[in-house]
Structure formats: structure tokens, C-alpha cells
Amino acid sequence: MELVFDHAVFLRKDWQLEADGRFLPGIHLVSGKIGAGKTTLSLMAAGLLSPDKGSVKRNDIHSVMLSMQFPEYHVTGSTISAEVRSWGLDPDIVLASAGLEGYGKKDPFRLSRGELKRLHLHCILSRDWDLLILDEPFSALDCREKKDVCQRIDQKTGGIVIICTHEQRFFPHVDVIWEIQCGTLVRTGELPHALTRWSHAPARIRKLVEKGIIPENISESDIMEASCWMHE
Amino acid sequence: MLDARMRLLATVMLSVAAFLSIFAAVLVFLWWLVCTPGIRVLQKSRYGLLIIAFSGIISVLIWFSGGDGLSYFIRMSVILLIAFWVFHDRAPGEFMDLSVWLFGNKSGFDIGLAAEMSIQSMEFIADEITRLRFAFRLKPVKPGIGTIIPAGGMLIHTQMKRAEDQADLLSMRGYIHGGTICPSFHRANGDIPAAVLSILILIVAFIPVRDIFILLQ
């Protein structure tokens, strides 16, 4: 199972994105500035945008899901229960896990964006996908919910998970870090070695690296543990 | 055509001319081929051909009800081509400049602001529809009557939310009525000849075709 960007180039009038690399099963983090092209990369990975040059190959991948930044786009049900059912899931189970019991008959657009995002992520993460692309999964969520999403992502095994984000604090355990630099997708490397080369690293990770402390990974617990080493 | 004032003038002249007669509509079509990017306009307006096809359906209905469907189709298609060109050539902030130039800093500013916000919303809705189609493909949900309600709900919801945010922003910035703006326009070499030509086409549209050939003899 692999996702291959074979010299894929997406062109716009004054902007372009180049991607060349292989995504194998595991959790991949794609970081980059706002407007760097993370969403475009997500859409290409999901097969919703075709590159102008090169190709994107999804080898042995049978199920693909992209979670868009704004959960409203995914709503196809007139009620929250219908929305959950449209994902092929049991509304009672999903609503209970998302903390939205008793909301089943409500209009999904009556929910706040945070609640809708939580519901949407619970629906997506309740199923297994060969290729799961999460575009800014932490936007509109509070710290507790971000931690919860990280835990749920950590439980994903077997498939390829790509997280495109500029989140600076909460991350799941990541296998590979990628960056978009000047319109080009760059494989920064596997963790923990990639941390010394990660140009978009959050300030507190950069601070640790500058002190010569390389955390095992970038999850909250890994960073906390590494911070304790710093004070020893 | 860079100058928005010339474009407005040409649009009014050509639309009236095309509406008046088939002969004028043919002249307008030739003007569209010569003075605009022509077919490239249609390539960029994804729904252009669809809208022309819709006017074709109306023409067939007119024809069945005893009217001159063909004449309607030719004239409407040419008017639509002019409309696509105007939409294609517009630049952000241009309606504001044009409106303030025409009606001044009070009413002109308000009209221009409303026009700019409407155009922005149209582009926003086009992006939203693209994303909705992506979401439907992902689930996968077959587009149909069952999906029109949530899709329409989403579009209305986001537009109302956006309108509310924009209203808050304008009110926070102290907007009550009117504003100050110095309109500026750029002009390309071909703008004036194209505008003059559009006026000539309107004049010709008022002359019966038979008279034109007598004049030519």
C-alpha cells in the first residue's frame, strides 16, 4: 500500500506546488506556512485534483477519505442522525462518543463549528481507511478535543494517515515529517532524526533541539518527557 | 478592454443592439470575436455553455408556442456572450470605482460596496459548490433530490454567516452611509475604438437592414 507523487506539479497563474515522494503506511505530518499548498496537496492525494504535470498513484489503496478543514462541506444529512448514518455508522454510538447525545434530530447547522468538527472527526475516525488525509484536523477544536483526536489517530494502524496542519502544540505519534518549502514538498525525514531538520518546528520543540535534547516523538507526552530531561 | 467605463458603455450599447434585431446581434457577435478574448472567455466560464443551452431550451419552448424561437436564441446567446465577457474582464474593486465615478461618494459608494460584496459572494459560492462536490464524491453520495436540501442549506448557512461577519466588520469600522474613494481607471489602446464601434452598432441596429443595403449601393 503506497501513495506516490511522481513528479506531480500543480500549476496556477502565480503559484505552483511540486510533489515527488512516497507515502507508506504510517502517520505522516505535512507542515508548511498558511497558503503553502497543504490543501492542494490533500486534494491531489485524495484524487480530487489532478496534477498538471506528473502523476499521483494510489497503489493497493482501496478506500480513501479526506477530511476538509471546514466540516460544513461534508454535511449531506438533514439531521445529525442522518448525517452520521451517511457515513455508514450507528448514530447512537457516534453521538455518545462525540458527547452529543440527544442531538440526533437537530439540524447539523445548528451545531457550532467546533461541535460539527468534533462530530465529523468522530465519524471519519470511527472507520478504517487505506488512505486517510486530514486537512487541518485541529482547527476549531479546544485543547481537550485536540488531545482526544490525537489519541484516536494514534489508534489507527495499517493505513496511511496524512495530517496537513500548522498546529503548534498537539500532535499524535508521527512516523514521518514532510514540509512544503517554497512550493515544493520536501521529505524532512523519520522521527526523531527529522526534528533537527524540521524548519517549521513549533517553538518549544525547536528550543529543545537547540539545547541538544531530541524528543522521541512530537506527541504531548513525548515533549513533556523531553522537557523534564532539560530540567534534570 | 481595461477601462471599466468603456466596458460599461459598450455593454449597454451592444446589449440593446443585440436585443433589437438579428442583424445587429450578428454584428455584436463579430464585435465580440474581434474586441474580446472571444472563445477563451467561454473556456474560463465553466457554466457559460450550460447557460446558453438553457436559453436554447427556452427558445424551443417559444418556438413550440408559435413564437420566433430562433430569433430569441440568437439574440439571447449574443447578449449572454457579452455578459460572460464583462464578467471575465472585471477586476476586484472596479465596480466600486465605476459606481463612485457615476454616482458620487454617497450613493455611489453604497452601490459599489453592495456590487463588490455580491461579486465576492458569487465567487465564494462557486468555490463552495466545488468543495461540496468533492465531499459528495468522498462519501460517496449520489447527487439527487435528497442531497439538494442539505447542499442548499449549507450554501445558505455559510452565506448568512459570512454576511453577518461582514456586517459586523463594517459596523466596527464605523460604516454608516457612503465613504470616500478616488476612482482610478486604466485604458488600453483598443478601448476607445471598441467603444466607438459599439455605439455605431447600436446606431445601425435602429436602421432597417434593407435601408443599409440601399445606402451601400
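All values below were derived from every heavy atom in this structure, side-chain atoms included, with hydrogens, water molecules and symmetry-related copies excluded. Owing to the predicted nature of the structure, the values given are computational and were not obtained by experimental measurement. Reminder, nothing fancy here: chain letters follow the sequence lines and each chain counts from 1.
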If you count every heavy atom of other residues, nucleotides or ligands that lies below 6.0 Å from B:Leu169 atom CG, does the total exceed 12? yes
In terms of heavy-atom contacts, does CZ of B:Phe134 have more than 12 from other residues, nucleotides or ligands at under 6.0 Å? yes
Separation of B:Leu132 CG from A:Thr76 OG1 (nearest 0.5 Å): 9.5 Å
For the NZ atom on A:Lys147, are there more than 12 heavy atoms of other groups (residues, nucleotides or ligands in this structure) within a distance under 6.0 Å? no
Counting only heavy atoms not in B:Asn189, do more than 12 fall under 6.0 Å of its CG? no
Do the side chains of A:Phe70 and B:Arg131 get nearer than 4.5 Å, heavy atoms only? no
Is B:Lys139 salt-bridged to A:Glu83, cutoff N-O under 4.0 Å? yes
How long is the gap from OG on A:Ser86 to CZ on B:Phe136, to the nearest 0.5 Å? 9.5 Å
Distance check, rounded to the nearest 0.5 Å: A:Phe109 atom CZ versus B:Thr158 atom OG1? 7.5 Å
Counting only heavy atoms not in B:His177, do more than 12 fall under 6.0 Å of its NE2? yes
Could you grab the distance from atom CH2 of A:Trp87 to atom CG of B:Leu138, nearest 0.5 Å is fine? 7.0 Å
